[in-house]
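Let me begin by presenting the structure, written as structure tokens, before commenting on it.
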There are 2 protein chains.
Amino acid sequence: MQALFSHIRQYCDFSQEAIESLGSVLKPVKLEKGEFLTTEGKVCSSVYFVEQGCLRGYYNLDGKEITYWFAFENNFVTSLLSFVTRNPGMENIQLLEDCKLWEISYDDLHRLYKKHTDVNTLGRIINERYYVMLEERFVSNHFKEARDRYENLLATAPHILQRVPLGHVASYLGMTQETLSRIRSKS
Amino acid sequence: MQALFSHIRQYCDFSQEAIESLGSVLKPVKLEKGEFLTTEGKVCSSVYFVEQGCLRGYYNLDGKEITYWFAFENNFVTSLLSFVTRNPGMENIQLLEDCKLWEISYDDLHRLYKKHTDVNTLGRIINERYYVMLEERFVSNHFKEARDRYENLLATAPHILQRVPLGHVASYLGMTQETLSRIRSKS
DNA sequence: TCTATTTTTTGACTTATGTCAAAAGCGATG
DNA sequence: CATCGCTTTTGACATAAGTCAAAAAATAGA
């Protein structure tokens, strides 16, 4: 749980009571490679913090799996659309490695939001960060060509290429696996 | 200011004091078509609420203007990356019509965040909504073909096509103006 | 160590979309 | 109502990336 707390402290101050409240509702979860945290059509009712391992979020679009994020150690993970709206999501979250996670339920989190300003602030800040990251990716993915997108990934997040099968990475970069393979062989 | 308050109430409860505090720091701003709220290289230090008019956010990427959002009545507008990180942004925000806006500064907003839980909650919720919208657009834009993206826009946000020049819309949809023009003529 | 399965690469071909350039349409201004 | 500037359309051509299929390489299991 220490990894989580020290990660949180990077974002904002956190009172001792808030830490304790949070600690009391976190549940440790261990799952194996290939398992799912949520799947299409389900309401995702928890946020997870990744202590160890990696995961991907993907949609099924026209019969194809579209991977649109990866999460690693010290990332928060949920199907945000479903979590926020309380409606069934389109998203699947799958473990790419065996994982150690910390889970907090929607209800517990919202009790903490009401009780501790600190937690509310944390929620807001994490959201801001995730928005900003998505925005950067949105712009670069959609308006640069395939080779640039690959090279940008190499420069900013090479660990993804080391831990994730190429097919998922290709999808994440918005190209086919064949195209990514060709780009790699010519560089 | 009523439009703003009733818009806020759609998201969450808001105490009378929070409303009053907010009201006391909001500044009315009127600007003309073509003017900018922020430009590349500047720190964006305000959030704006659009009472009347429309705007676009765009990046300069490899010498091209990439429009990646539009805002209309009842939307909040800022260069979020710059606003959140306090660093110069890459983004330009330009008025596409004469506008009536309400402005709140970073400092005032963060004073309110500290003082009123309600405002903090509002900030979090608005962020969540904006994240979710961006995510939907990210997936549909990047993984569907040009014609589908256009038809999706027609179905979900036809007002954009009525109020915004085609070149900006094409960029927003991730295609050239020529392609968008051809798609429209063949449908 | 030797299969069996999954992942990655390579090849041949197709196609959607981009590029460049010119024409047409439209709206504002004097 | 004629002209100027901006927006949109059309045409001809180029090309990045997709598709389908098979071979090669890597990984995991027995």
Side-chain angles (χ1 to χ4, degrees), chain A residues 32-35 53-54 56 58-68 70 94-98 139-154 158-187, chain B residues 32-35 54-56 58-68 70 94-98 139-154 158-187:
Chain A
E32 289 183 12
K33 179 176 173 174
E35 295 193 83
C54 77
R56 67 171 179 137
Y58 70 93
Y59 285 101
N60 286 304
L61 204 72
D62 309 327
K64 284 176 207 156
E65 290 185 358
I66 307 295
T67 296
Y68 77 107
F70 299 108
Q94 186 183 33
L95 305 226
L96 297 175
E97 301 174 356
D98 297 352
V139 172
S140 104
N141 258 37
H142 205 94
F143 298 103
K144 300 211 165 189
E145 51 185 43
R147 154 159 254 111
D148 291 341
R149 301 200 299 269
Y150 169 69
E151 282 170 2
N152 183 54
L153 187 74
L154 257 189
H159 59 282
I160 292 179
L161 284 152
Q162 284 150 23
R163 288 174 73 174
V164 172
L166 206 68
H168 295 337
V169 178
S171 166
Y172 177 79
L173 289 174
M175 64 186 79
T176 60
Q177 175 164 332
E178 293 92 327
T179 296
L180 179 54
S181 176
R182 280 183 248 266
I183 285 171
R184 293 212 304 176
S185 71
K186 279 171 211 147
S187 64
Chain B
E32 289 185 9
K33 177 176 175 175
E35 295 193 83
C54 77
L55 310 87
R56 68 171 179 136
Y58 70 93
Y59 286 102
N60 285 303
L61 204 71
D62 309 327
K64 284 176 207 154
E65 290 187 357
I66 306 297
T67 296
Y68 78 107
F70 299 109
Q94 185 182 33
L95 307 226
L96 296 175
E97 300 174 358
D98 297 351
V139 172
S140 103
N141 259 37
H142 206 92
F143 298 102
K144 300 211 167 190
E145 51 184 44
R147 155 159 252 111
D148 291 341
R149 301 202 298 269
Y150 169 69
E151 282 171 1
N152 184 54
L153 187 75
L154 258 189
H159 59 284
I160 292 180
L161 283 152
Q162 284 149 23
R163 289 175 72 175
V164 173
L166 206 67
H168 296 336
V169 178
S171 167
Y172 178 79
L173 289 173
M175 64 186 79
T176 61
Q177 176 163 330
E178 292 92 326
T179 297
L180 179 54
S181 176
R182 279 184 249 267
I183 285 170
R184 292 210 306 175
S185 72
K186 279 171 210 146
S187 64

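Chain letters run A, B, ... following the sequence lines, proteins first and then strands; every chain starts at 1. Values reported hereafter were calculated over all heavy atoms of this structure, with side chains retained and with hydrogens, waters and symmetry mates removed. It should be emphasised that the depicted structure is a prediction, and the values quoted were computed from it without experimental measurement.
Distances shorter than 4.0 Å separate none of the side-chain N or O atoms of A/Lys186 from OP1 or OP2 on D/dA17. Considering only side-chain N and O atoms, B/Thr179 lies nowhere under 4.0 angstrom from the phosphate OP1 or OP2 of C/dT17. Within the 4.0 Å cut-off from OP1 or OP2 of C/dG18, not a single side-chain nitrogen or oxygen of B/Lys64 is found. OP1 or OP2 of C/dT10 sits under 4.0 Å from a side-chain N or O of A/Ser185. The side chain of A/Arg184 contributes no N or O atom lying less than 4.0 Å from OP1 or OP2 of C/dT8.
In this structure, the separation between CD on B/Glu32 and CD on B/Glu97 is 13.0 Å, given to the nearest 0.5 Å. Remark: B/Thr179 OG1 to B/Arg147 CZ distance equals 11.5 Å, nearest 0.5 Å. Rounded to the nearest 0.5 Å, atoms CZ (A/Phe70) and CD1 (A/Ile160) are 6.0 Å apart. Atom CZ of B/Arg182 sits about 12.5 Å away from atom CE of B/Met175, to the nearest 0.5 Å. Distance CG/A/Leu96 to CZ/A/Arg163: 9.5 Å, rounded to 0.5 Å.
When the nucleotides C/dT17, C/dT19, C/dT10 are ranked by their closest atom to the side chain of A/Glu178, C/dT10 comes out on top. The side chain of B/Arg182 lies closest to C/dT19, out of C/dT19, D/dG18, C/dT9.
A/Thr67 contributes no side-chain N or O that, together with a main-chain N or O of A/Ser171, makes up a donor-acceptor pair within less than 3.5 Å. A/Arg149 places a side-chain N or O within donor-acceptor distance of the main-chain N or O of A/Gly174, the cut-off being under 3.5 Å.
Side-chain contact check for B/Leu161 versus B/Tyr150: some heavy-atom pair is nearer than 4.5 Å. Counting heavy atoms from C-beta outward, B/Glu65 and B/Arg56 have side chains that approach closer than 4.5 Å.
Taking atom CG of residue A/Leu180 and atom C1' of nucleotide C/dT10, one finds them 14 Å apart after rounding to whole Å. When rounded to the nearest whole Å, the span between CG of A/Leu96 and P of C/dT6 equals 16 Å.
Only A/Gly174, A/Met175, A/Thr176, listed by number, bring a heavy atom of residues 159-177 of chain A to less than 4.0 angstrom from any atom of DNA chain D. For DNA chain C, the neighbouring residues in residues 143-154 of chain B, judged by any heavy atom under 4.0 Å, are B/Glu145, B/Ala146.
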